[in-house]
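Have a look at the structure below before the remarks.
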Amino acid sequence: MLDPRSLRREPELIAQALSKRGLVFDLDTYEELESSRHDLQTEMETLQHDRNEISRTIGQAKRDGLDIEPLRLSVSEIGYRLDVVKQEFGKIRDELDAFLLSIPNIPHESVPDGADEEDNLVLRQHGTTPEFNFKPKDHVDLAPGLLNLELAVKISGSRFSVLRGPLAKLQRSLTQFMLDVHTEQHGYEEVYVPFIVNAASMTATGQLPKFAEDAFHVEHTEPMYLVPTAEVPVTNFVRDEILSADDLPMKFVAHTPCFRSEAGSYGKDMRGIFRQHQFEKVELVQIVSPDVSWDAFEELLGHAETILKMLELPYQASVLCGGDLGFAAAKTIDLEVWLPSQGRYREISSVSNFLDFQARRAQARFRRKAGERPELVHTLNGSGLAVGRSLIALMENYQNGDGSVTIPDALRSYMGGIDSLKLADADGQK
RNA sequence: GGAGGGGUGGCUGAGUGGUCGAAAGCACUGGUCUUGAAAACCAGCGAGGUUAGCGCCUCCCAGGGUUCGAAUCCCUGCCCCUCCGCCA
């Protein structure tokens, strides 16, 4: 959520800043709601004040044994009026809240203009794309049998997958490797978290109320949601908390499955496991003091890049343009890995600084010094990395002419020391 | 699933209709004392909104209700604890 105070003070400026997203901010609606809110709140508080005062007098009069009947009559009129105003105020406040919750974050000044991913700006490239003296296969053709999509369709439906034998192990190894690097070399605390979360958590990080259809939901005693990313449960560690300055920064790494309905992406990336309803991800989350969040952003980006470098996968870093920027982010840099089968770089990590946008929704605060007013923290996160897509990248970039896949050095100890995998005619093939 | 007990400020915990936004303790901050620290003593110390400020309003899990007035009474929901049952 944006700061309601700044919004009140300089709505034109904010509308201007939001236009970078290609968003037309409805100033008229906002100002109408805001002015109603202001008037109603003022009236309501005046009435409450009057009523409180008379009620106090009644209490006193009763103790003194005086007749309170005239006072009761005078207050009952206030009561009626108050009921009406309260109801109107509640309605406007709900509308205003809904309005505020639907406004995305303001793009940082360094975010380039642009409408969609075509306008994202490549910052740098790393590694060299592999040359093959044969026609490279994609990950589906590389692992017939071990990657079983038909089976997943029977069990669940499209956009799910079954991995078998060494392929499943390879994915697990990737996960372990990432977790180990982040905990042992980058100073993150590994956390295990719920995969089903409540609406308050989804609202705090920005998935609700606007993007409900992107999430899988479950009916329990109250509506709940399958996590679309570990960002949701982990960032919500600090919801409604007042931390002390020495608690910061908090750095967490979590491996979770992620569930996305992928509504609106029908027909997109339908081959293989590139875009799934369920996928594995290792996620980095940082909760930091506002003064250092841009340093933390660079640091976190570096942590994600380290994984790609250690796996020796060619990648590029792109800063998302205003039009492609996610709802809650002030700035996002995507890491895109080279996929030989597609002949282009594809997203494998997304690193974002949310500034105080999520923190305000979450009321996640900290106190610089005892006695001082609490301030909102800044939140950041980034994939480190998307495991399913790492698996694809690894298979495709490390493939050999005989259909085998070389295991990168960094991963060998996790794979029992083997240096290559023959996926094509391994045990799982039928 | 059955029976019972609870949700109060950073924490513990008092408070059953009227100066209660809330006793007390702990923690924290400042001061006195001390070479320094500890102890002791004194003072301060919840959050949000609004205001130039004084002030005013709201918040005692959430949402409704009763009342002139609710932390306190009633209803619903959520959560926690204890015992029993079931269970990986």
Side-chain angles (χ1 to χ4, degrees), chain A residues 1-11 31 33-101 192 194-204 208-209 217-225 233 236-248 250 287 356 359-377:
Chain A
M1 197 156 73
L2 300 179
D3 179 12
R5 259 184 230 125
S6 332
L7 194 54
R8 228 174 285 148
R9 227 161 278 163
E10 42 200 20
E31 284 182 337
L33 278 170
E34 173 52 26
S35 97
S36 302
R37 191 224 101 234
H38 177 264
D39 295 347
L40 287 166
Q41 186 169 338
T42 308
E43 187 178 359
M44 182 180 74
E45 291 186 358
T46 307
L47 288 166
Q48 281 170 330
H49 171 62
D50 294 348
R51 186 200 58 192
N52 289 346
E53 209 142 70
I54 298 178
S55 291
R56 254 193 296 271
T57 318
I58 291 180
Q60 189 57 46
K62 233 179 158 179
R63 273 191 295 278
D64 297 344
L66 301 171
D67 178 22
I68 60 166
E69 218 36 50
L71 287 165
R72 288 181 58 162
L73 286 175
S74 74
V75 86
S76 71
E77 200 175 320
I78 295 176
Y80 288 131
R81 179 85 193 121
L82 188 57
D83 279 347
V84 175
V85 175
K86 238 183 181 167
Q87 201 161 13
E88 281 176 45
F89 173 74
K91 210 180 122 226
I92 293 294
R93 192 205 44 209
D94 289 350
E95 273 179 53
L96 189 60
D97 283 352
F99 184 86
L100 293 175
L101 284 174
Y192 170 80
F195 304 154
I196 303 179
V197 298
N198 57 31
S201 294
M202 291 284 277
T203 305
L208 290 181
H217 68 271
V218 182
E219 289 309 319
H220 185 53
T221 51
E222 56 181 282
M224 300 190 88
Y225 301 83
N236 273 279
F237 276 25
V238 295
R239 172 155 56 86
D240 294 324
E241 298 290 339
I242 299 178
L243 308 163
S244 78
D246 3 301
D247 293 331
L248 304 178
M250 294 172 104
I287 314 292
D356 62 9
R360 183 169 295 105
R361 291 171 161 243
Q363 283 303 296
R365 294 169 292 174
F366 80 110
R367 228 187 281 272
R368 286 181 193 271
K369 277 170 80 177
E372 289 191 359
R373 282 172 70 87
E375 273 178 67
L376 295 169
V377 298

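Chain A is the first sequence line, chain B the second, and so forth, proteins listed ahead of strands; every chain is numbered from 1. This one's a predicted model, so the numbers in the text were calculated from it and none came from an experiment.
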I'd like to know if A:K91 pairs up with A:E88 as an ion pair, taking the criterion as any Lys NZ or Arg NE/NH1/NH2 lying under 4.0 Å from an Asp or Glu carboxylate oxygen.
no
Assign A:I58 to base, sugar-phosphate, or nothing according to its heavy-atom contacts below 4.0 angstrom with the strands shown.
base
How close or far is atom C1' of B:G17 from atom CD1 of A:I68, stated in whole angstroms?
13 Å
May I have all residue pairs that pass salt bridge (Lys or Arg N to Asp or Glu O under 4.0 Å) and include part of residues 57-75 of chain A, sequence neighbours excluded?
none
On RNA chain B, does the nearest nucleotide to A:H38 precede the nearest nucleotide to A:E53 from the 5' side, or the other way round? Give the residue.
A:H38
How many whole angstroms separate atom CD of A:E372 from atom C1' of B:G44?
15 Å
A:R367 side-chain N/O to B:U29 phosphate OP1/OP2 under 4.0 Å
no
So A:Q60, base contact, sugar-phosphate only, or nothing? Heavy-atom distance under 4.0 Å.
nothing
For B:A3, which nucleotide is its Watson-Crick or G-U wobble mate, given both distances must be under 3.5 Å?
B:U82
Hey, does A:R365 reach any base, or is it just sugar-phosphate, or nothing, if we go heavy atoms under 4.0 Å?
sugar-phosphate
Which parts of nucleotides 69-74 of chain B does protein reach within less than 4.0 Å, heavy atoms only, written one letter per nucleotide 5' to 3' as B for base, S for sugar-phosphate only and - for none?
S-----
Take atom CG of A:D247 and atom C1' of B:C28, then tell me their distance rounded to the nearest Å.
14 Å
To the nearest 0.5 Å, what is the distance between CE (A:M202) and NE2 (A:H217)?
10.5 Å
Between B:C28 atom P and A:D246 atom CG, what is the distance in whole Å?
12 Å
Does A:R37 make a side-chain N or O approach to OP1 or OP2 of B:U50 shorter than 4.0 Å?
no
Does B:C56 have OP1 or OP2 sitting under 4.0 Å from an N or O in the side chain of A:H49?
no
Mapping A:R63 and A:M44 to their closest nucleotides on RNA chain B, which lands nearer the 5' end?
A:R63
